[in-house]
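Just below is one structure, and these are the notes that go with it.
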Amino acid sequence: MRLLPRAAALAALAALAAAPARAAVTVTAEASPTRVARDGQITLSVTVSGDTSSLPQPQMPEMPDFAVYSSGSSQSLNWINGQVSASVVYTYVLSPRKEGRLRIPPIPAGGASSAPIEIEVLKADAAPAAPAAASGPPSAPAPSARAEGRGVFVKAFLDKTRAYVNQQVTLTVRFYSAVPLAGDSQYSPPALTGFLSEDLAPVRTGAQTIGGREYKYSEIKTALFPVQPGTLVIGPATVNCQVQDLQGADPFSPDFFNRFFSMGASRPVSVRSEPLTLKVEPLPPGAPKGFTGVVGRLTAKASADRTSVKAGEAVNLTVTVSGTGDVKSVPQPARPDLPSLRFFDTESSASAAKSGDEIGGTKTFRTVVVPRVSGEIRIPPFSFPYYDPARRAYETAATAPIDLRVAPGAPGAA
């Protein structure tokens with residue numbers, strides 16, 4: 001049995017789609033929740049739709065009341081009677097910078113704009129009860145008797161039932177089959193409102209005996225990062241497949257499989273998993289200054305391409321953060337207030353890393369600094385606060401300071 005990812009089907013549709021010369025574009029935006037604590041987060045979904053497979057990207061406006069982090073996009077295409085329509089959903093995570101009634105302004109794309117959204121930000125909540133720590137890798141719950149009686153079924157489960165905001169939770173979806181299938185199966189992942197998600201390893205396969213019957217299964221795992229507290233619901237996962245119609249056949253007959261493969265008739269079957277719930281707690285109070293919601297474990301280092309320069313000469317400064325969790329959401333570090341140095345714009349890049357079922361990665365920030373005066377100049381440590389769920393404590397990853405030896409510049413030099 002082979003699961004066809006949605007991306008492959010979308011790519012095939014995109015190859016067939018021919019965009020019209022002029023396409024109408026609509027933009028909608030949705031925020032969840034619209035009432036949040038000061039230390040909470042908001043998921044902003046911006047949907048750009050039109051009658052073309054090539055849609056413009058939204059242009060995010062300035063939002064000084066929020067820290068804004070991009071979290072990827074997903075696309076869907078429809079091809080009906082020779083006409084193509086498409087929509088792309090861009091997901092962002094917003095962290096409020098202050099309390100009160102805040103406003104997400106209209107978001108433009110291709111000449112259209114979304115409506116503004118009002119957000120109410122309250123004081124930080126009181127300390128929550130700590131979620132139970134996960135104890136080892138999860139095992140699949142035993143399927144119900146009803147599921148055992150079918151030739152195919154889907155089971156979904158989580159590696160934990162309680163988590164903090166931004167803490168990774170692993171979702172496993174298994175498609176079981178006890179009979180051969182005709183053709184490919186179509187997999188539709190569950191709805192994940194209130195989560196950021198990241199695919200884990202490729203589809204895995206295995207076998208399991210359930211109720212005395214041998215089942216083969218295909219397994220898909222997804223890393224979920226809840227972005228808001230409360231009870232979040234993970235919708236059902238669905239698999240559509242073709243099963244040979246063997247009604248009335250004796251599966252224990254010696255020639256059962258010969259007759260199975262000689263029969264050309266098959267029937268479509270759609271199976272789905274039960275929805276799941278996850279209890280998400282807000283992070284405890286006492287977050288250090290500069291904390292932006294990163295949950296995991298981080299390390300940081302900084303380097304300069306040279307430490308002996310003349311006043312007015314450029315130094316390339318690199319700051320790298322690595323670890324587990326949603327590392328790509330780590331924001332640019334705060335610049336030190338040093339009149340003796342001029343800082344230029346910072347560029348960043350991120351790479352994901354997957355160790356087993358744990359998401360992590362590296363994010364690198366590069367900037368140019370120019371000493372304004374001669375003498376000894378120390379660039380102080382760059383700090384990255386985070387919450388470690390294993391230790392249930394706030395921690396800070398910090399770089400070592402960098403000392404520059406600056407000689408006088410050439411007379412009259414810029």
Side-chain angles (χ1 to χ4, degrees), residues 25-49 56-73 87-129 163-167 191-197 224-233 278-295 326 328-335 384-387 394:
V25 174
T26 60
V27 183
T28 58
E30 181 179 355
S32 177
T34 56
R35 194 168 184 262
V36 66
R38 167 66 179 79
D39 55 356
Q41 292 184 324
I42 302 158
T43 301
L44 175 65
S45 300
V46 181
T47 303
V48 182
S49 305
Q57 292 189 13
Q59 303 299 314
M60 295 300 290
E62 291 291 330
M63 287 190 273
D65 294 336
F66 301 94
V68 182
Y69 313 109
S70 175
S71 185
S73 62
S87 65
V88 183
V89 180
Y90 296 86
T91 305
Y92 304 87
V93 178
L94 278 58
S95 296
R97 299 185 187 274
K98 62 181 183 180
E99 299 169 8
R101 292 191 174 275
L102 309 182
R103 183 174 182 267
I104 299 175
I107 301 171
S113 295
S114 65
I117 301 175
E118 298 294 329
I119 302 292
E120 183 180 3
V121 181
L122 310 174
K123 292 183 179 180
D125 293 335
Y164 286 117
V165 170
N166 291 341
Q167 182 181 3
L192 299 172
T193 302
F195 294 94
L196 305 181
S197 64
L224 306 180
F225 296 90
V227 298
Q228 63 191 61
T231 301
L232 303 185
V233 178
L278 177 69
K279 179 64 175 178
V280 182
E281 303 284 0
L283 291 170
K289 182 180 179 181
F291 178 71
T292 59
V294 177
V295 175
D326 189 15
K328 66 183 180 182
S329 70
V330 173
Q332 174 183 327
R335 295 178 177 180
F384 299 89
Y386 64 95
Y387 184 80
Y394 290 99

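Here the structure is a predicted model, which is why all the values come from computation and not from measurement. Just so you know, residue 1 is the first one in the sequence shown, and it goes up from there.
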- Criterion side-chain contact (heavy atoms from CB on, under 4.5 Å) on V330 and T292, from CA distance to verdict: CA-CA 8 Å; V330 173; T292 59; over 6 Å; no

dist Y92:OH -> T43:OG1 (nearest 0.5 Å) comes out at 13.0 Å

Might you work through the side-chain contact (heavy atoms from CB on, under 4.5 Å) test for F195 and L278, ending with a clear yes or no? CA-CA 11 Å; F195 294 94; L278 177 69; 3.8 Å; yes

Heavy atoms of V165 and Q228 approach each other most closely as CG2-C, 3.8 Å

Heavy-atom closest pair (F384 atom, P331 atom, distance to 0.1 Å) is CE2-O, 4.0 Å

Q) Taking the side chain as C-beta and beyond, is there a heavy-atom pair between V36 and P96 under 4.5 Å? A) yes

Closest heavy-atom pair, V48 versus P56, reported as atoms and distance to 0.1 Å, is CG1-O, 3.6 Å

Of all heavy-atom pairs linking L192 and S197, the shortest is CD1-CB, 4.0 Å

So does P284 get a backbone contact from the side chain of Y164, meaning a donor-acceptor N/O pair under 3.5 Å? no

Requested in this report: Could you please spell out the steps behind the side-chain contact (heavy atoms from CB on, under 4.5 Å) verdict for I104 and F66?
Outcome: CA-CA 9 Å; I104 299 175; F66 301 94; 4.1 Å; yes

When every non-hydrogen atom of P61 is compared with those of P106, the smallest separation belongs to CG-O, 3.7 Å

E120 meets the side-chain hydrogen bond (donor to acceptor under 3.5 Å, both in side chains) criterion, sequence neighbours left out, with R35

More than 12 foreign heavy atoms under 6.0 Å from CD of E30: is that the case here? no

Only residue of L44, L102, I107, I42 satisfying side-chain contact (heavy atoms from CB on, under 4.5 Å) with I117 is L44

P64 and R97 have their tightest heavy-atom pair at O-CD, 3.0 Å

Exercise. Run the salt-bridge test on D65 and K98 with the 4.0 Å N-O cut-off and return the result as yes or no.
Key: yes

request  = Could you give me the CA-CA distance, side-chain angles and deciding distance for V227 and N166, then say whether side-chain contact (heavy atoms from CB on, under 4.5 Å) is met?
outcome  = CA-CA 6 Å; V227 298; N166 291 341; 4.2 Å; yes

Review point. Is a side-chain donor or acceptor of R101 paired with a backbone partner of E118 at a separation under 3.5 angstrom?
Key: no

